[in-house]
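Below, read A as the first sequence line, B as the second, and so on, with proteins coming before strands; counting in each chain starts at 1.
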Amino acid sequence: MKKVIVITGPTAIGKTEMSLQIARLYNTEIINADASQFRKGLNVGTAKIDYKNLDVVHHLIDIIDIEEDFSIKDFQDRARDIITSLHNENKIPLIVGGSGLYINSVIGKYELDDSKRDYDFEEKFYESYSNEDLHKELALLDFDSSLNIHPNNRRRVLRAISKAKSGTKISTLKKGQELIYDCLIFELTTSREVLYSRINKRFSQMIEDGWLEEVRDLKNKGYDLEKIKDIGYTELANYLDGVLDFYEVSELIKKKTRNYAKRQITWFKNKMNTTPIEMDYDNLDNTLNNLKLEINKFLKETSQI
RNA sequence: GGUGGGGUAGCGAAGUGGCUAAACGCGGUGGACUGUAAAUCCACUCUCUCCGAGUUCGGUGGUUCGAAUCCACUCCCCACCA
């Protein structure tokens, strides 16, 4: 199998900085795996870097418009194509991001088809169904899935129903984490306390960097900020509309970001086989050295299979 | 100094004699997740040897079979009057 390096970790841990150094050291390119950075126009609030003016090539950033539908299948295809072409150039692809599902879909055996999900249709078709009714419907179509998905999780119940109707029971898909590349998956870590304080500080920094102006600009362009699910956009729009005061909004955004980081960590722990690397914020060279040690070891190993 | 209001679990806040280890919200923690994933959803959150037991509702002492809830004294906070 061909080798791929992944750098992941919770939001605000410092993936970007580490990945740039690694990309330079090993003369390779970065494939973005942060779902929020796919969309054009969401910059400050998604901690997007000025990748166009960097010496390191970044792929899969700004690939769709704000309100454009996007499927994980597209991401899987595009990322794998890029991986292939990097391999052809004898480069070790470097996937960097915090969207666990997206990373797994690329490096793992995820069977996705081309059908796009039609949320509006799903919701309208079953509009009159209560959560419980829907869940019963799912039990008829895919009983095993119904056991695993809570009735209140309407979105996932709907998805499972529509998949079952189209002939694929979600519950029959492989749960394993079989990989299609030889992967070294770094998970950058730090204490919860330090991470949360970084999240809080980063929020202030984003405001200084013009996040509010970005949101105002999007509003002026006519976008419905309520539809932007990335943390902070709806909240800041509410502030601009005078619905919430700034303190409330700040606390809410920071809280949501902390909660998100926690969910990410749960995913890394239970859905990925990672190599943890503790961040040494006082001396990032230490962290970098630890990464290098692991990478060098990894590159020397002959690939199995 | 006087009068009134108040002190409840990490925070906010219900509860005004037994059904209360104490509603609810927030925060936090753990978890699920193959298609909006910075999404969506679930569980737990006084302590323990967790079926069960033990300590709680500013403090102390009472009344009572039984108190966060009633009484007395006391400490602290807020408002107004001096």
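- Under the 4.5 Å side-chain contact rule for hydrophobic residues, A:Phe186 and A:Tyr181 do not share a cluster.
- When the P atom is used for both B:G31 and B:U55, the distance is 33 Å, rounded to whole Å.
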For a salt bridge (charged side-chain N to carboxylate O under 4.0 Å, His left out) check, start with the C-alpha distance between A:Glu29 and A:Lys91, then their side-chain angles and the critical distance, and finish with the verdict. CA-CA 8 Å; A:Glu29 300 174 12; A:Lys91 289 176 174 171; 3.0 Å; yes

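- Across every strand in view, B:G1 sits in a pair with B:C81 that passes the Watson-Crick or G-U test at under 3.5 angstrom.
- If you check the side chains of A:Tyr239 and A:Glu248, you find no donor sitting under 3.5 Å from an acceptor.
- Rounded to a whole angstrom, the distance from the C1' atom of B:G2 to that of B:A53 is 50 Å.
- Residue pairs meeting the ring pair (Phe, Tyr, Trp, His ring centres under 6.0 Å) criterion with at least one member in residues 129-148 of chain A, sequence neighbours excluded: A:Tyr126-A:Tyr129.
- B:A9 and B:C46 have their C1' atoms separated by 6 Å, given to the nearest Å.
- Comparing the same atom, P, in B:G1 and in B:C48 gives a spacing of 44 Å after rounding to whole Å.
- With a cut-off of 3.5 Å on both Watson-Crick or G-U wobble distances, the partner of B:C51 is given as none.
- The distance between atom CZ of A:Arg159 and atom P of B:C41, rounded to the nearest whole Å, is 17 Å.
- Regarding A:Leu112, its CG atom lies at a distance of 14 Å from the C1' atom of B:C33, rounded to whole Å.
- B:G10 and B:U16: their P atoms are spaced 23 Å apart (whole Å).
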Identify all pairs in which a protein N or O lies below 3.5 Å from an N or O of nucleotides 29-32 of chain B, and state each distance.
residue	atom	partner	partner atom	Å
B:U29	OP1	A:Arg192	NH1	3.2
B:U29	OP1	A:Tyr196	OH	3.1
B:U29	OP2	A:Tyr196	OH	2.8
B:G30	OP1	A:Arg192	NH2	3.4
B:G30	OP2	A:Arg192	NH1	3.0
B:G30	OP2	A:Arg192	NH2	3.3
B:G30	N7	A:Lys262	NZ	2.7
B:G31	OP1	A:Lys269	NZ	3.1
B:G31	OP2	A:Lys269	NZ	3.0
B:A32	OP2	A:Asn270	ND2	2.8

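- Each of A:Ile231 and A:Ile13 belongs to its own hydrophobic cluster when Ile, Leu, Val, Met, Phe, Trp and Tyr are linked at side-chain heavy-atom distances under 4.5 angstrom.
- Summarising the local packing, CG of A:Asn273 is surrounded by 12 or fewer heavy atoms from other residues, nucleotides or ligands at distances under 6.0 Å.
- Linking Ile, Leu, Val, Met, Phe, Trp and Tyr whenever their side-chain heavy atoms come within less than 4.5 Å leaves A:Ile107 and A:Tyr26 in two separate clusters.
- Nucleic acid contact class of A:Ser105 (heavy atoms, under 4.0 Å, all strands): none.
- A donor-acceptor pair is defined here as one N or O able to donate and one able to accept, closer than 3.5 Å; such a pair exists between the side chain of A:Asp280 and the backbone of A:Asp282.
- Per the geometry, OH belonging to A:Tyr102 stands 13 Å off C1' belonging to B:C33, to the nearest Å.
- In this structure, CD1 of A:Ile170 is placed 18 Å from P of B:U40, rounded to the nearest angstrom.
- Across the protein-nucleic acid pair, A:Lys229 atom NZ and B:A39 atom P stand 9 Å apart, rounded to whole Å.
- Pair assignment for B:C44 gives B:G28, based on Watson-Crick or G-U wobble hydrogen-bonding distances that are each under 3.5 Å.
- Of the residues near RNA chain B, A:Ser99 and A:Lys163, the one whose nearest nucleotide (by heavy atom distance) lies more toward the 5' end is A:Lys163.
- For B:G30 and B:C77, the C1' atoms lie 37 Å apart once the distance is rounded to whole Å.
- Note on A:Lys256: nothing from the nucleic acid sits closer than 4.0 angstrom, heavy atoms only.
- The stretch residues 233-240 of chain A has no heavy atom under 4.0 angstrom from RNA chain B at all.
- Note: CG (A:Asp34) to P (B:A39) measures 12 Å, nearest angstrom.
- Looking at heavy-atom distances under 4.0 Å, A:Gly45 makes contact with a base.
- Between the side chains of A:Asn200 and A:Ser197, no donor-acceptor pair is found at a separation under 3.5 Å.
- Taking the six-membered ring for Trp and thresholds of 30 and 60 degrees, A:Tyr102 and A:Phe70 have nearly parallel ring planes, at less than 30 degrees apart.
- The residue A:Thr46 sits close to a base: some heavy atom pair falls under 4.0 Å.
- In this structure, CE of A:Met272 is placed 13 Å from P of B:U34, rounded to the nearest angstrom.
- No donor-acceptor distance shorter than 3.5 angstrom exists from the side chain of A:Asp34 to the backbone of A:Ser36, with no hydrogens or angles considered.
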